[in-house]
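This one's a predicted model, so the numbers in the text were calculated from it and none came from an experiment. Sequence lines set the chain letters: A, B, ... in the order given, protein chains first and strands last, and positions in each chain run from 1.
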Amino acid sequence: MSENSPEKEVVIKKNFIHQIVEEEISAGKNGGVVHTRFPPEPNGYLHIGHAKSICLNFGTAQKFNGITNLRFDDTNPSKEDTEYVDSIMEDVRWLGFDWGDRLFYASDYFDKLFAFALKLIEEGKAYVDDQDAETISSQKGTPTRPGAESPCRNRTVAENVDLFMRMKAGEFDEGKCVLRAKIDMASPNMHMRDPIIYRIMKAPHHRTGDKWCIYPMYDFAHGQCDYWEGITHSICTLEFEVHRPLYDWFVEQLRDTDYRPRQIEFARLNLTYTVMSKRKLLQLVKENYVNGWDDPRMPTISGLRRRGYTPASIRNFSDRIGVTKVDGVIDVALLEHSVREDLNRIAQRVMGVLNPLKVVITNYPEGQVEELDAINNPENPDAGTRKVPFTREIYIEHDDFMENPPRKFFRLSPGKEVRLRYAYYVTCNEVIKDENGEVIELRCTYDPETRGGNSPDGRKVKATLHWVSCTENVKAEVRLYDRLFTDEEPDEHKDIDFKEFLNADSLAVLDNCYIEPFVKDAKALDSFQFERLGYFNVDPDTNAEKIVFNRTAQLRDNWAKVKGK
RNA sequence: UGACCCGUGGUGUAAUUGGCAACACGUCUGGUUUUGGUCCAGAAGAGUCCAGGUUCGAGCCCUGGCGGGUCAACCA
């Protein structure tokens with residue numbers, strides 16, 4: 001894809017996080033250093049919601065001359081996998097961000113975390129609880145009722161150290177005991193009621209192998225990792241807001257200087273007509289409602305990439321939607337607008353017929369092939385021109401012909417003259433139908449004087465149609481996508497499963513499409529505008545036998561609106 | 001019902017330290033056009049959840065309501 005034209009800059013409004021950072025810098029906090037991190041758990045593919053977070057974290061650092069770490073939050077080996085690690089790195093890079101040499105894993109800190117846990121035990125701030133999960137849970141209380149203290153709460157330090165060492169040594173089965181921070185079972189904040197910080201999990205870890213059979217919980221790892229990496233702003237989503245006191249509590253136990261990372265929460269992205277939770281996306285993949293994580297209908301970054309979205313379009317989208325603590329829903333139309341905007345500027349134009357209707361130009365010489373000049377991108381004169389072959393028999397779009405057209409139909413109909421883009425004016429003389437009365441061919445005549453598309457006598461036509469030669473073309477399969485769900489918020493219905501709203505027509509495969517020869521050497525992911533239709537890119541399923549296109553987005557279509565009324 | 005968070009056109013965001021609500025998407029008009037695209041011009045649409053209060057003046061401050069969200073995994 002050509003990236004030659006300058007990227008349109010979306011005006012980024014100063015969001016509340018920028019404002020906080022700005023105030024801290026002018027107050028001299030952290031010596032003016034801004035250091036963020038993007039901390040995905042490698043248990044699934046990244047989606048457009050993560051893109052928002054990536055743009056926020058990397059973007060905030062960039063804005064204030066800071067840097068950003070990539071850190072995998074891999075504290076739960078039972079769910080995590082290197083497959084996800086690889087895809088996440090690919091996606092972040094593809095979006096256009098660089099973490100330099102600062103690639104980290106929470107598992108890098110397992111030794112330090114263990115030592116810190118031991119320190120808490122020695123200070124009487126943590127204890128081993130060997131009650132079963134259910135009992136511990138029942139002692140937690142409820143949001144409105146305080147919890148009860150565990151009978152294990154007052155073990156001696158020596159006892160706790162011994163037990164914890166034996167947990168580490170693998171002497172206990174999974175679920176036999178846990179390490180808990182000793183904070184406050186009566187706290188109005190559930191997360192402060194002696195949270196579990198280590199559990200036994202006899203699963204090999206994708207990085208540490210069999211070294212550990214106990215693993216730290218998220219709350220016991222995240223803030224500490226931030227602290228050790230010198231993170232200044234730990235930006236996360238709203239649901240972690242209630243975790244913040246705990247985050248601060250651990251950092252407070254750990255720190256030996258004035259420095260502490262600050263957790264700031266923002267609202268996660270929701271998009272209309274889709275779902276964004278990893279669990280639900282995983283379900284769509286596992287249960288084959290879509291063809292994998294990178295199915296072009298998925299809101300995953302890999303899906304959007306395969307669909308033909310550009311990194312710039314996603315970054316612009318992220319900038320436009322803003323950052324707040326209001327939990328809202330963004331209209332997908334805004335995302336679609338962002339790709340159209342970017343692709344309009346950079347996409348090579350080409351003509352392609354998706355639903356062909358054969359047209360024979362009866363007064364055009366048989367066997368003649370003319371090479372006509374076509375503009376590659378009217379938005380970018382530097383893109384130049386190309387030749388398009390014209391012949392006696394061509395295909396036009398079936399929708400561009402109507403035997404009995406309504407008032408505002410400008411396209412071809414019996415007796416009417418239209419322009420074939422970059423070619424000639426043609427007039428429809430005859431309609432040929434099959435035994436079912438379906439129109440299968442048109443007989444037209446052309447005006448040789450109108451070569452290139454203009455009439456010397458100044459005669460105007462109302463419409464310009466795209467076309468492809470019947471003999472000089474590339475045959476293609478084209479996959480048309482529609483929204484995956486029929487409901488604006490498929491997972492916001494109390495009693496209806498989101499899958500009930502799956503759109504049965506979200507994918508339509510057309511295998512009788514003809515594209516002008518220009519695309520014959522196109523490579524996977526190359527984007528084109530098929531004039532008058534939309535943006536299409538080459539799917540990786542393309543091989544020597546057939547070229548496959550995905551429709552990224554349709555062009556705005558006023559006729560469709562008129563027709564709809 | 002405990003704690004924490006949130007409440008501005010249809011949607012998402014703005015509104016300098018309080019000064020007559022702005023931008024984008026969407027919608028609707030019209031113009032240009034060899035893409036019914038792009039582009040250009042314009043319109044409709046909120047009086048800022050409600051009620052009090054402070055003030056010459058409140059979307060911004062105070063009080064009290066109302067509405068919504070999050071939190072009770074050995075997930076993150």
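- In the set B/rG36, B/rC75, B/rA72, the nucleotide with an atom closest to the side chain of A/R532 is B/rG36.
- Among residues two or more places apart in sequence or in another chain, the side chain to side chain donor-acceptor pair (under 3.5 Å) test is passed with A/S26 by none.
- In this structure A/K168 satisfies the side-chain contact (heavy atoms from CB on, under 4.5 Å) test together with A/F114, A/W212, A/I214, sequence neighbours excluded.
- At a non-hydrogen distance threshold of 4.0 Å, A/P188, A/M190, A/H191, A/I196 from residues 187-196 of chain A come into contact with RNA chain B.
- Under the ring-ring contact (aromatic ring centres under 6.0 Å, His included) criterion, A/Y514 pairs with A/Y395, not counting sequence neighbours.
- Shown here are the side-chain contact (heavy atoms from CB on, under 4.5 Å) partners of A/T486, two or more places apart in sequence or in another chain: A/F501, A/N503.
- Under the side-chain contact (heavy atoms from CB on, under 4.5 Å) criterion, A/R407 pairs with no residue at all, not counting sequence neighbours.
- Sorted by first and then second residue, the salt bridge (Lys or Arg N to Asp or Glu O under 4.0 Å) pairs with a member in residues 449-460 of chain A read A/E370-A/R451, A/E417-A/R459, A/D447-A/R459, A/D457-A/R459; sequence neighbours excluded.
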Can you pull every protein N or O that's under 3.5 Å from an N or O on nucleotides 24-27 of chain B?
{"residue": "B/rU27", "atom": "OP1", "partner": "A/K561", "partner atom": "NZ", "Å": "3.3"}

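- Shown here are the side-chain contact (heavy atoms from CB on, under 4.5 Å) partners of A/D491, two or more places apart in sequence or in another chain: A/V275, A/K280, A/F498.
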Protein-nucleotides 44-50 of chain B N/O pairs under 3.5 Å:
none

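- A/W559 qualifies as a stacking partner of the B/rG36 base, centre to centre under 5.5 Å and near-parallel within 30°.
- Residues meeting the ring-ring contact (aromatic ring centres under 6.0 Å, His included) test with A/Y425, sequence neighbours left out: none.
- Residue A/T144 has its side chain nearest to B/rU1 when only B/rA72, B/rA76, B/rU1 are considered.
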For RNA chain B, just give me the dot-bracket, please: Watson-Crick or G-U, both distances below 3.5 Å, ( ) intra-strand, [ ] crossing earlier pairs, | paired with another strand, . unpaired.
.((((((..((((.....[..)))).(((((.......))))).....(((((..]....))))))))))).....
